[in-house]
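Residue indices begin at 1 and follow the sequence shown. Just so you know, ligand 1 is whichever comes first in the structure, and atom 1 is the first atom listed for that ligand.
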Amino acid sequence: MSIAIIAAALTVRAAWPAPAMDPATRQLAHDIFKQLIEINTTDSVGNVTTAAQAMAQRLLDAGFPQADVTVVGPNDRKRNLVARYRGSGHSRHKPVLIIGHLDVVEARREDWTSDPFEFVEKDGYYYGRGTQDMKVSDAVAVTDFIRLKRAGFVPDRDIILALTADEEGGKSNGVDWLLKNHRELIDAEFALNPDAGGVVMDSGRPVSMEFEATEKLYADFQVTALNPGGHSSLPKPDNAIYHVADALAKLERAPFPLELNEVTRGYFTAMAATQTGQTAADMRAILADPPDTAAAERLSQDARYNSTLRTTCVATMMNAGHAPNALPQRAEANVNCRIFPGHSQEEIRLALVKLFDDPKLSVRYMSDAREVFEHGSERKAMAPPPLNPEVMDALRGATQTLWP
Ligand SMILES: [Zn+2]
């Protein structure tokens, strides 16, 4: 699951129950949800194709033509479902794309109180791998396609549903594969993905509805010091562990600069209305030009606000030395960065080199496959797209209906 990092919030006023759903639709959603949970879609032993085909069959049974329901992918276990709900063509807009992933993170039976691939309802909760991330949303999307079709609804533009493989891991990311191999199937004006955001509750009271417009960029950097070493009875000032420790201490004391964009400005504007006292005042103060740095510092005590306001880099692993009575020949730390949209991995790597200011250290990029490279990618995290009134108005409307 993605964490809502670059979030924007719509404030909500009071708690009212959502309008009741008819029993048949409720049962259908439940059955699809159960079916998806009980198909193991982990990368190790699962099969995404089975889930994609099961959902395709549900759509075909509901009357979607074969030509509009496609199950495609790079291999037998990693096929994606793409279904097209035909519009009247009255709107000249390109389709709306709804995407979700079918795969789930690995789940070991011994870590669970129930079988993670058995759909269990107990004490008012659903148990099973993917109940939150994100088979519940997949089930809702498939159910909506079916009930709208049965109701005879015809949108004025096409709506595409893509349920994909390998979002959580694995080598066959479905969105990537579809973009490269079947762009025509998913080409759309904009995409909606229910994997992040949602209503935030405080003691059962809805406070805000959050969504993401982009995500921060992920990067690991390996900070290494090499040294000839020697016997620990004869210490020298030049010590590999001290070089890395000094660098990490600098990192701790030098947060990256405050940054705001259109989406985070909207977020703090809306959230200020839900807060009181110092926090509300600080949220307003950082939106001033120039931003109030003392206010930013106070807000940054909260890890969530801190990560919304800047690039963060933090030490996550260390490995150094080889014997208790020898001077270290090698010291190494992993620094994990979450990069604010608009900057690249390489830009942040160079910022770390400058901050550490130590020629004895190397700062290298480490890929997800733990391969080490001299440089990070120059690709920048996608800046958030402008807030589309079509999307925002619909989201506000739905929020007011469900949580007026
Ligand atoms: Zn997810």
Side-chain angles (χ1 to χ4, degrees), residues 1-9 29 32-52 54-55 73-74 77-83 96-108 111-112 116-117 119 125-145 160-179 186 188 190-201 209-219 263 304 307-308 336 338-339 341 368 381-382 384 391 395:
M1 180 186 281
S2 317
I3 296 169
I5 299 163
I6 305 302
I32 294 173
F33 189 19
K34 178 177 194 296
Q35 183 180 26
L36 281 174
I37 294 294
E38 295 189 345
I39 299 170
N40 184 333
T41 51
T42 57
D43 184 43
S44 59
V45 298
N47 193 320
V48 170
T49 304
T50 309
M55 294 304 104
R77 287 173 61 226
K78 305 286 186 179
R79 294 206 185 118
N80 312 285
L81 166 70
V82 185
V96 174
L97 171 64
I98 296 164
I99 57 171
H101 62 86
L102 286 169
D103 61 314
V104 291
V105 176
E106 302 296 331
R108 293 186 307 176
D111 295 341
W112 284 62
F117 301 102
F119 187 72
Y125 290 90
Y126 296 122
Y127 291 72
R129 175 56 101 211
T131 48
Q132 289 194 62
D133 186 11
M134 61 173 288
K135 284 177 168 172
V136 65
S137 307
D138 298 335
V140 168
V142 173
T143 305
D144 279 339
F145 257 48
I160 303 167
L161 173 63
L163 299 179
T164 62
D166 283 12
E167 193 267 356
E168 301 287 7
K171 297 192 183 84
S172 307
N173 182 274
V175 173
D176 184 59
W177 189 86
L178 286 166
L179 282 170
I186 56 166
F190 57 83
L192 302 172
N193 182 344
D195 199 10
V199 69
V200 176
M201 307 286 248
M209 172 63 82
E210 298 197 346
F211 65 94
E212 292 184 6
T214 182
E215 291 193 330
K216 286 174 124 180
L217 193 61
Y218 181 103
V263 176
R304 232 186 117 88
S307 71
T308 306
N336 176 250
R338 308 300 176 110
I339 301 170
D368 294 349
M382 188 187 85
V391 176
L395 196 49

Within the side chain of [X], is there an N or O that forms a donor-acceptor pair under 3.5 Å with the backbone of [Y]?
| X | Y | answer |
| --- | --- | --- |
| Glu212 | Ala196 | no |
| Lys78 | Gly170 | no |
| Thr49 | Arg79 | yes |

Scan side-chain atoms only and decide if Thr41 and Lys135 contain a donor-acceptor pair under the 3.5 Å cut-off.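 Lys135 and Thr41 do have a side-chain donor-acceptor pair below 3.5 Å.
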
If I take every N, O or S atom of Glu167, is at least one of them less than 2.8 Å from the Zn ion (ligand 1)?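 Of the N, O and S atoms in Glu167, none lies under 2.8 Å from the Zn ion (ligand 1), which means no.
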
Atom of Asp195 nearest the Zn ion (ligand 1) (restricted to N/O/S, atom name only):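 Nearest N/O/S atom: OD2.
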
To make sure I understand the geometry: which N, O or S atom in Asp133 is closest to the Zn ion (ligand 1)?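 The closest N, O or S atom of Asp133 to the Zn ion (ligand 1) is OD1.
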
